[in-house]
Structure formats: C-alpha cells, structure tokens
There are 4 protein chains.
Amino acid sequence: MSGTGGTQERPLRADAARNRARLLEVATEVFTTRGVDAPTEDIARAAGVGVGTLFRHFPTKEALLEAVMVRRLESIAAGTARLAAAGEPADAFFDAFRLVVDRSAGKDAFTRALAAAGRNPHAALRETSAAIRAHLGELLAGAQDAGAVRPDLDLPELIALLVGANSALEQLGADPAARERILTVVLDGLRPR
Amino acid sequence: MSGTGGTQERPLRADAARNRARLLEVATEVFTTRGVDAPTEDIARAAGVGVGTLFRHFPTKEALLEAVMVRRLESIAAGTARLAAAGEPADAFFDAFRLVVDRSAGKDAFTRALAAAGRNPHAALRETSAAIRAHLGELLAGAQDAGAVRPDLDLPELIALLVGANSALEQLGADPAARERILTVVLDGLRPR
Amino acid sequence: MSGTGGTQERPLRADAARNRARLLEVATEVFTTRGVDAPTEDIARAAGVGVGTLFRHFPTKEALLEAVMVRRLESIAAGTARLAAAGEPADAFFDAFRLVVDRSAGKDAFTRALAAAGRNPHAALRETSAAIRAHLGELLAGAQDAGAVRPDLDLPELIALLVGANSALEQLGADPAARERILTVVLDGLRPR
Amino acid sequence: MSGTGGTQERPLRADAARNRARLLEVATEVFTTRGVDAPTEDIARAAGVGVGTLFRHFPTKEALLEAVMVRRLESIAAGTARLAAAGEPADAFFDAFRLVVDRSAGKDAFTRALAAAGRNPHAALRETSAAIRAHLGELLAGAQDAGAVRPDLDLPELIALLVGANSALEQLGADPAARERILTVVLDGLRPR
DNA sequence: CATGAATGAGTCTTCATTCAT
DNA sequence: GATGAATGAAGACTCATTCAT
C-alpha cells in the first residue's frame, strides 16, 4: 500500500508525482464544487499543467474521477478500520456513521461511488469500498449485538442511509445547529424503539 | 387544475396535445432514469416525434425539464394540500412525508427542485414549490403541536430530510421491505425522544 | 398584364387576393427592415395568416422574395417607361436616375435583383428588369446624343452606378441635405468634362 | 504592427500560427465571395483543419468575421496613414479613395464595417476604423483647402461614397476599363464645378 | 516527460417546407 | 382554402482524447 494502490506502478519521478498529486487535489475541488461535467481542461489549467499531462496520469476522465473517489474512500476506509478495531461497539458505530458522512461532504457523486461498489467495474474502487463495507458490516453487527441499533437493519440499508444523510446535509447548507439536528434524527432513528 | 397547468395556454389541437403529453411523459421517464444529460433527440425519438416538435412545444431543453418538474411538483402539491386540510395532524404529517418521497422517486433532480424554491429563477417552479413548502410548514407545525414530532425541527431541515430520504431510497433499489425499513428509521427519528 | 404578371393564373377569390397582397406588403417591409434572413413564419404572422397560406401563395421563400422584387421593379419600370417616352433627353435621364434610386430604397438586396437580370433564372424578374434596362439604355443614349452625359459610358456601368448610389444613400441615413450632396456628386460625375 | 494585431497574444507555435493565418486567409476569401452566411465548417475544411481548430482560434463565428475585417481595415489604415502624411493634398486624397475601394473589394460587408465605426461594439474594429476615418478626414480637408474637392462635402458623405463605389464595382465585375470609368465618374463628381 | 494544438463526434437549436385537421 | 403542427436537415459550438513539437 505504498502508493495510490492499483496495478504495478514504477516509481514516478519527483515532478511527475507532484503533478499527479496536484491534479488529484484540484480535481477533487473542481468536481466537488462545479460537478463532474466540468471540462478536463479547466482541471488541468487549475493544476497548472497541460491537458496532455492530465491524460498521461489518468487515461480517461472517468479514471480521474475514479482516482478522486478512491482517495476519498481510502480516507474513509482508514477511519472505519480504526473504529472497527475499537472496543466500544455502540459508540464506534455512531462515530463511524458521522465519520463517513463528514468525509463524504460535497457533491454527493462521491458517496454514490461507495454504494456502487458491487456493480461497479473498477477494481480500485471496488476494493476500497469493499473494505469500508466490511468495516461497516462489523460495526453494525457489533452495535446490534450491543442493543444499540435496530436488529432488523442490514448493511445495504445502512449504506443507503449514509448516502441519504449526506444528501440531506449537502442540501441543507452550513448552519451547524441544523446539521446536527438532521444527524440526530437519523441516528436516533437507527436506535431500537 | 385539470391539465398541464401554468400560464394561460390556448387550447391545442388534439394531436398536438397528445404529442405534448407524450413528450412530457417520455421526458419524465428519461430524465428520471438516465439523468438530465440525456440528449433531446433521444427523448423526441422515444416520444415518436421529430426534434422539431419537441422544440415547438418546449423552446429549450431547460424549459422541458422545468415542465417535467412542474408536473411532478403539482402532483405533490395536490397531495400535500389535501393532507394539510385533513383532521389528524400527526398522521397527516407522516403521510405527507411518505407522499413526497414516493412522488419524487428518480434521479432526484426532482426533490432538489422543491428545495431550490427560493433561489431559482423559474416562476412556475417557484410558485408550486412555495405551495408545497407552505403545506409542509403547516403539517409540521400541527404535528409538533400534537407532540408527534420533535419541536426543535424547522422546515428547512424537514426538506433536507425529504431530499435525503429520496436519495437513500433511490440508492437502495426496489426491495420493498428494505425501503420500508429506511423510512421507519427516518420517521421514527422525527418523533420526540 | 392584368395581375402580378407571370404564367396563367386563374382569378383568385377575394379573400385569397387580399391575403396575397397583404403578404407582399408585409414581406416587403420585413425583408427591407430586417433583411432576407427573417423567418417566413414572422412574415406570415405579421400578415395575420398561417405559414401554410404563405406557402400556398408563394411556393418557396425565394419565390416570395422574387415577387417582392418584381413589384418594386414594376413600379420602377412604369416610371422609366414614362420617362423614356418623354421629350427632353437630358432631364429625362437624370430624373430616371433619381427615380430608380428613390424607389430602390431599403435593404439593397433589391437593386441587386435588377442587376442580376441577365444571370438570374427567374422569368418574372428577368422580363421586368429587361424592360427597365431597355428604358435606361434608351435614356442613356438620348442623353449622350444630347451631350449631357459622358459618351464613353455604357449601360452596365450606369446600372452599377445606380446600385452604388443606392448603397451610398442607404449607408448615409436620413439627412436630406447630405443625401442630395451624394446625388450631386454622382450626377455631376456623369456629365462630360 | 507586424502581425495579427490586437490585444497582447502570446507567441503561437509555428504550426498554430500557420493554421491561424490560413484560416484568416480562407475566411476572407469565403466571406468575400460567398457571403458571411457560409458555414464555418466549409471554412475549416477549405483551410484543411477541423472545426475544432477554427473555434480554438476564434471563439465564435463572429469573432472570426471580426478578425477578417480587422485585418482588412488595418491594411487600409496603413495605406491611408501613409497618404495622410504625404505632401500633395489633392493627389493624396484621390489615391486614398482608390486605395480604400481597392482593398475593400468583395461582398462589401467590409466597407460597411468602416462605416459602422461609431455604432458597433467591437473594440478592435472601432479603433482601426476610427483611425481610417481620421486619416480620411485629414485628407478630405487638405484636398478641400487645395480646392480639389467640393467644399460642401463632409466625412460621412465621403464614407457613404466609398461604400457606394465599392458596391458599384462589386456589381460590375472584372472589366478593368469599365471599372476605371466608374471611378472616373465618382472622382470627377467629387471635384468642384 | 510536458505541452497545448488539432480533431471530430455529439449537442442544442432554427427554419423552410409539408400535410393532417 | 386556411391553419399551424410536424419534420429533419443544417449550423454553431463543446469537449474528451490524441499527437506533433
């Protein structure tokens, strides 16, 4: 897991690595704020490189979008991995829910990627989201065993709720108190009656 | 209230009305399943007419999208109006939540329209969604007065939750039991602790 | 030469004749003020008829344009015929020059039609402009015989100068004194040194 | 003043510059002979490039047309500047008239641009044609002072006459003797009686 | 390796003309 | 005869992707 994950990459030259990182950064920003229809050229320009460079690093626009998602998902996976290994099942579960939602912030094309896991043909995405799903599965089971979450809920519903919570928050805007109220509703709803 | 609604339209010839209706039908289907980036030509073809006909009825693609949304929103508004006038505040509120979610199904550009009410510049959309918001506001207040919904929740959060529920369900797929479980979580979460 | 000239037309019903006249009127106005690229539908609407009616009277847009031109040319031809029959060769010639320019006013697509005489494949136009050319030829010869116009000038140049004068005036705008100065320049230039 | 003129352009690559120049060349030819309604694609094809290339160099068709005009006007401006600086007022004036007419040849959208100076919104055009107008103004005044041109003529009329002469010549065709006779008429007409 | 110019298929939209009502 | 709805071939412009410099 030395690099960005995937199929055997020879080590990039320093400047190439820098370009790649910068492109990923900028693409995340652009896709998030302007949507995935933003022209590749805008991304390249914002990253200070030519389109050619962009396409050298990412063979298609879709591959770039995928890489952006993978990065986000990896960050999430790191968090859920830690929490799945934690001791307190109930707290860990609820923390994980918040963590996923927090790190998915922005144009929700991203959370969707997580959900598209099974259907999606891209290996990198599939692997990372499978890991997250596994962690969430464990956390859910733990919380249910601890009686902290409704026992009839299954992983697909949990994920759908994560996507939904993300949408709701994206919809709502910045007011922190209101955001907290939204989360309270969903998290309370997850608890057994 | 019987027809396509909006600002005074001279009565169309029978065949023209049929084409218009068919275009609206097909566009709803296409936008819903394939997203708003689907080519106008596909919509025209699916409706069995030439592009020219589409553009005669709807001067721009955006106008078509707007008409589709207005139709959906009007259907929702009719439902919420009825429920807002009903006697049982608590039931009416929860029924309204389900109704909005049901009739918003699809690539969720739709619930967003409702949410975008104040900001967006399309008069037809603005009016209809303002009406829905008004109904939802009444229903929420009634349910809160009746002690059936958390008192700290405000209309913007309710709407955000509707958008979120829609996303969650869209994400989930068809399984009716799972869909019901999702809704149960959210609706239970809305109740006071 | 009872009607609009051309190949055998059965007498139109009163309303049809009225429509045809109105279309010609409106088309002249529209082509003149908005150019020949104005949509046929605008012309039909301005004339208070449907496009279908327009195309019943004039099988193509070009035919309509031609009819408009023929009308103008006929008006010019009537004037030049009268002047060609007049007694005073010099005055008649200069009057004709002014007359052609006056009646050609407007988007000069019209004067061009006159010039396109020989090349142009449309019978109606060809005939009428041939007549005008004949009159102008006579007038020119008369004025040259009378020593009022440079002897080296030929009909094609005269026509080119008419087109040019028309362009110049169209370019200039409304100021009557300035228009007169332009005409003075050209008419003086036509005189022998 | 050496190149394509306008607001600071970074130096293009050799091939790009060649394409740009070729497009300008071809567009001049096409607009001149077939009018401004000729499809952009025809221009691109004639220049041996794809449409994309055309639109890379000129963001809209109008921008291309403007560039073509600017080039023509600059060529004219260079000539009138030289003549305005010359010693012999009368000759300089008449030479300038011929020069403008010569270099404006074609579907006369061009001389119009000169005339449209004040009104039109394109900065590049405005500046260049303002320069030409200034030169012509000086030349006219000089020639009038020298008694070589009618004293009652003003700049707007001169410009209208340039447009008119251009139209007349465009109308006339290639015969050099006839063209010369036309110019003689107009130039003689400009002289005082 | 990086650059950005070139490509051309694809998208929206217009408009002359036809034809069912 | 009149109407205006329907048609579809263009036309301007965009953008992912390729490739010469």
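Small disclaimer: the values here were computed from a predicted structure and weren't measured. Below, read A as the first sequence line, B as the second, and so on, with proteins coming before strands; counting in each chain starts at 1.
Between the P atom of dT17(E) and the CG atom of L65(C) lies a distance of 12 Å, rounded to the nearest Å. Taking atom CG of L23(D) as the reference point, atom C1' of dT7(E) lies 13 Å away to the nearest angstrom. Protein atom CZ of R45(C) is 16 Å distant from nucleotide atom C1' of dA2(F), rounded to whole Å. Between the CZ atom of R22(D) and the C1' atom of dA6(E) there is a distance of 16 Å, rounded to whole Å. Atom CD of E62(C) is separated from atom P of dC15(E) by 18 Å (rounded to the nearest Å). The distance between atom NZ of K61(B) and atom P of dC12(E), rounded to the nearest whole Å, is 4 Å. With rounding to whole Å, F55(A) atom CZ is found 13 Å from dT7(E) atom C1'. Whole-Å rounding puts the F31(D) CZ to dA12(F) C1' distance at 12 Å.
Contact check for V49(C) versus L23(C): side-chain heavy atoms found under the 4.5 Å cut-off. The shortest side-chain heavy-atom distance between L65(B) and K61(B) does not fall under the 4.5 Å cut-off.
Nearest-nucleotide mapping onto DNA chain F: of L54(C) and E41(A), the residue sitting toward the 5' end is L54(C). Residue whose closest nucleotide on DNA chain E sits further toward the 5' end, between R18(B) and T60(B): T60(B). Each of V49(C) and V49(B) was assigned the nucleotide of DNA chain F with the nearest heavy atom; the assignment lying further toward the 5' end belongs to V49(C). Along DNA chain E, the nucleotide nearest to D15(B) and the one nearest to P39(C) differ in position, and the one closer to the 5' end is contacted by P39(C).
Side-chain proximity of R56(D) to the nucleotides dA6(E), dA12(F), dA2(E) is greatest for dA6(E).
Using a 4.0 Å cut-off between charged side-chain N and carboxylate O, R71(A) and E25(A) make a salt bridge. Taking a cutoff of 4.0 Å between a charged side-chain nitrogen and a carboxylate oxygen, D42(D) and R45(D) qualify as a salt bridge.
Across all strands shown, dA2(E) is found opposite dT21(F) as a Watson-Crick or G-U wobble partner, with both distances under 3.5 Å. The partner of dA12(F) is dT11(E), judged by Watson-Crick or G-U wobble contacts that both fall below 3.5 Å.
Taking side-chain N and O atoms only, T40(A) has no distance below 4.0 Å to OP1 or OP2 of dC15(F). OP1 or OP2 of dT7(F) sits under 4.0 Å from a side-chain N or O of T53(B). Proximity of H57(A) to the phosphate of dC1(E): no side-chain N or O atom is located under 4.0 Å from OP1 or OP2. At dA2(E), one or more side-chain N or O atoms of N19(A) fall inside 4.0 Å of OP1 or OP2 (strictly under the cut-off).
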Stepwise side chain to side chain contact (heavy atoms under 4.5 Å, CB included) check, D15(C) with R18(C): CA-CA 5 Å; D15(C) 56 344; R18(C) 207 163 31 245; 3.7 Å; yes
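Residue V51(C) is in base contact, counting any heavy-atom pair closer than 4.0 Å across all strands shown.
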